[in-house]
Number of protein chains: 2
Amino acid sequence: MAARQRTRPTIYDVAREAGVSTATVSRMLNDTGQIAPATREAIEQAIERLGYLPNTIARSLVTKSTQTIAFLLPDITNPFYASLVSGIQQVALESGHTMLLCTTEGDPERELEYLNLLRAKQVDGALMDGLVVPPERIAQFVADGFPIVCLDRDVRSRSVPLVQVDNKLGARLAMEHLLGLGHRRIAHIEGAPELRISAQRLGGYREALAAAGIREDPRLVATGRFSEDGGYEATRELLGRDVSFTAVFAANDLSAIGAINALTQSGLRVPEDVSVIGFDDLRLSAHTIPPLTTIHQPAVEIARRATEILIDLINGRRVRKLRYLLEPTLVVRSSTAPAPRRRRGRGDP
Amino acid sequence: MAARQRTRPTIYDVAREAGVSTATVSRMLNDTGQIAPATREAIEQAIERLGYLPNTIARSLVTKSTQTIAFLLPDITNPFYASLVSGIQQVALESGHTMLLCTTEGDPERELEYLNLLRAKQVDGALMDGLVVPPERIAQFVADGFPIVCLDRDVRSRSVPLVQVDNKLGARLAMEHLLGLGHRRIAHIEGAPELRISAQRLGGYREALAAAGIREDPRLVATGRFSEDGGYEATRELLGRDVSFTAVFAANDLSAIGAINALTQSGLRVPEDVSVIGFDDLRLSAHTIPPLTTIHQPAVEIARRATEILIDLINGRRVRKLRYLLEPTLVVRSSTAPAPRRRRGRGDP
DNA sequence: TGGCCGGGAGTAAGCGCTTACAGTAAGCGC
DNA sequence: GCGCTTACTGTAAGCGCTTACTCCCGGCCA
């Protein structure tokens, strides 16, 4: 009723207004201990009248829990990470947690800085993706009692779990699709070399080549850094290298989109002249021209699983399984087609 | 040196270790008051030895500042919002703030729930975009001492500033481009009707039509809800309505991409048969096939400006200007072309 | 009738910091 | 030698909660 005062009401005000002690109010708020119906009623009314909102900072100081988790990632501008955020948010909300977003831009100092900041802020735990901090540091944070779950790399330590798609398998799936269409000269647009997942996808590319008895041509891989621009540039470089290829396996959808653009600009048709396959299966990829053939990652599933595990860790539950490798699947759309009979350029036996 | 104990060292431990009082340690940490060099040294060493990290929760309890801001938005999956997040993050980091991300999925209850949660968490202030809470509620939070700055709508109240692009102008720019190319029958794919920016862009569409002396045909607008799928469906609906059009102005790039897909699938060529223009200028839009003509929004600039204002508000500075309408610009790429001589279908005089 | 039990409530001690307020000692001008 | 700064430091009172401990009282059983 009264005009809002500058300083918000505290639990003392509520207690006084309801004619009980703060302990009773606290018990009611947290639903611990028994409260007589009449008392409960009085407190509820006092809260209503005062417009009281508990100060969770004060609560955290004593309970040592902030109900906050953090998600550290290099670049929110990549829609794949955005999907992860969605998934995390869902689970977090369900369990009453709120999410701090920390973008590191791939800067190792900033990662460390954030990690320390999060500790200082008494954040309950963190999800990390695409980070480059050395595993030992991560393990140390965990040893210090700060739960972490990784979304991209295996910190070989009990108590820091990993949830990710099986990247190598995904890459093989992509390659087998291309190989099955008769492609022999397949280029790869690598992600960001410093990230594990790049190496894993590159590894799958190589394995598939080897399994098909094709010798790898180093001129056929270029770095696209997981972005549209990077994919575009990498493709132009590939084109300029004067080696022929009839297909490109891009490390992610964004760079595949850049690749298609570069190819098209060079007068090459996708998929008639060159097939392109991506990785991620962004929502967007169903709408590119041509719609992108790609490897589907269950982003929301990954995020949910990881967040659930993190919350288990926070609640002191032991996690049984340390590594969750989810299965990627091939999604065939229109950016891939059988290898053309005649290849452009020379160089292929 | 010693094995990390389960409970982290506090300022008392540091004080004891350094042989000073906690007040002195605190003063050194916060750089307030003068400290003798020798004392400073001793404290620094104690901190180092103990691996001490100040507990910001305890600090917040007394200072009443959490150095945390929140960003509320409907959907992080939209790359435009992701760009905003990037911009916010930059400024926030510079000023030592960390960012809580809250996605509301356009659910009004969840918005309110979040707003209350943020208050309870003593968050210093919030940035809001794409929300549907009634303006009075927002104004009330502000009156309660919770700084808010909006990124999309004008809460007519001193003390809740607005930073956004001039949407109506942007829409007019888009339309004038189309009109200038000779298009007369222009469809519009609307955003999400409940959001202000949709109405503003639709308003610009209408104004431009009126200014060109063209009567608006209600059959020419369909709702795309700002997404690829929505744009796709809206376009199919438009196509199915049996009204002719030679151009479509989509409320954002995502729905423009969906539109191009639908058009292409129907055997129409973009831009030869139908021109398409978007709004946002996502990084991606330079790489679509064909590269998208669109209206550029200075996303990072918007985000930075808004965050700076929020921080000013938090620091108790009066903001001089309440509304910042940034200028959109036309970016011509290849998805628009002069209107074809013969239009498909009938219906146009 | 006495002893026990348990529902319901209060007291007060922190949680880990910051910050008025209050010194103390050295330095300085006269 | 005295009083007044100035530079530095300590004491202790909170910040707004939670939570052991205690306590009270009515009911119930033997």
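By convention in this document, chain letters (A, B, ...) are assigned in the order of the sequence lines, proteins followed by strands, and residues within each chain are numbered from 1.
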Requested in this report: State, yes or no, whether a side-chain contact exists between I69(A) and I314(A) at a heavy-atom distance under 4.5 Å.
Outcome: yes
Which of dA7(D), dA12(D), dG10(C) is nearest the side chain of S21(A)? It is dG10(C)
note: Q34(A), atom CD; dG8(C), atom P; distance rounded to Å ~ 5 Å
- Query: Can you check whether V25(A) reaches Y12(A) side chain to side chain, under 4.5 Å on heavy atoms?
  - Reply: no
Contacts of A23(B) and L53(A) projected onto DNA chain D by closest heavy atom; the upstream (5') one is A23(B)
**Message:** Need one value for L29(B): base, sugar-phosphate or nothing, where a base atom within 4.0 Å counts as base even if backbone is also close, heavy atoms only.
**Reply:** nothing
Which of dT18(C), dT18(D), dA7(D) is nearest the side chain of N30(A)? It is dT18(D)
From CE of M28(A) across to C1' of dG10(C) the rounded distance in Å is 17 Å
query = Taking OP1 and OP2 of dT9(D), is either one under 4.0 Å from a side-chain nitrogen or oxygen of T39(B)?
reply = yes
Side-chain contact check for A36(A): nearest option of dG10(D), dA9(C), dG10(C) is dA9(C)
In DNA chain C, consecutive runs of at least three Watson-Crick or G-U pairs below 3.5 Å, as range with range, amount to C:1-30 with D:1-30
When rounded to whole Å, the CG to P distance for the pair D31(B) and dC8(D) reads 13 Å
From CD of Q122(A) across to C1' of dC17(D) the rounded distance in Å is 16 Å
I11(B) atom CD1 is separated from dT9(D) atom C1', nearest whole Å, by 14 Å
What residues 113-120 of chain B contributes to the DNA chain C interface at heavy-atom separation below 4.0 Å is none
Run the salt bridge (Lys or Arg N to Asp or Glu O under 4.0 Å) check on R317(B) and E308(B) step by step: do they pass?
-> CA-CA 11 Å; R317(B) 284 193 275 279; E308(B) 283 162 7; over 6 Å; no
Is there side-chain contact between K321(A) and I309(A), with at least one heavy-atom pair below 4.5 Å? no
Residues pairing under side-chain hydrogen bond (donor to acceptor under 3.5 Å, both in side chains) where one sits in residues 54-63 of chain A, two or more places apart or in two chains, turn out to be none
By nearest-nucleotide position on DNA chain C, the 5'-leaning member of R27(B) and P54(B) is P54(B)
Taken to the nearest whole Å, OH/Y12(A) to C1'/dG14(D) is 10 Å
Rounded to the nearest 0.5 angstrom, the OG1-CG distance for T104(B) and L73(B) is 6.5 Å
- Message: Is the shortest side-chain heavy-atom distance between V160(A) and F141(A) below 4.5 Å?
- Response: no
Q | Ionic contact status for D154(A) with R196(A), cut-off 4.0 Å | A | no
Under 3.5 Å, which donor-acceptor pairs do the side chains of residues 29-41 of chain A form with other protein atoms, sequence neighbours left out?
unit_1	atom_1	unit_2	atom_2	d
N30(A)	ND2	S26(A)	O	2.8
N30(A)	ND2	S26(A)	OG	3.3
E41(A)	OE2	Q45(A)	NE2	3.4

- Classify the nucleic acid contact of S26(A) as base, sugar-phosphate or nothing, counting any heavy atom under 4.0 Å across all strands shown. base
Any side-chain heavy-atom pair from I138(B) and R153(B) closer than 4.5 angstrom? yes
Measuring to OP1 and OP2 of dC17(C), would you say a side-chain N or O of Y52(B) lies under 4.0 angstrom away? yes
E41(A) atom CD is separated from dG8(C) atom P, nearest whole Å, by 16 Å
Rounded to whole Å, CD of E17(A) lies from P of dG16(D) at a distance of 17 Å
Taking the side chain as C-beta and beyond, is there a heavy-atom pair between L93(A) and R110(B) under 4.5 Å?
-> yes
Quick note, side-chain hydrogen bond (donor to acceptor under 3.5 Å, both in side chains) partners involving residues 77-87 of chain B, not counting sequence neighbours, are none
In numerical order, the residues of residues 55-66 of chain B whose heavy atoms come under 4.0 Å of DNA chain D are L61(B), V62(B), K64(B)
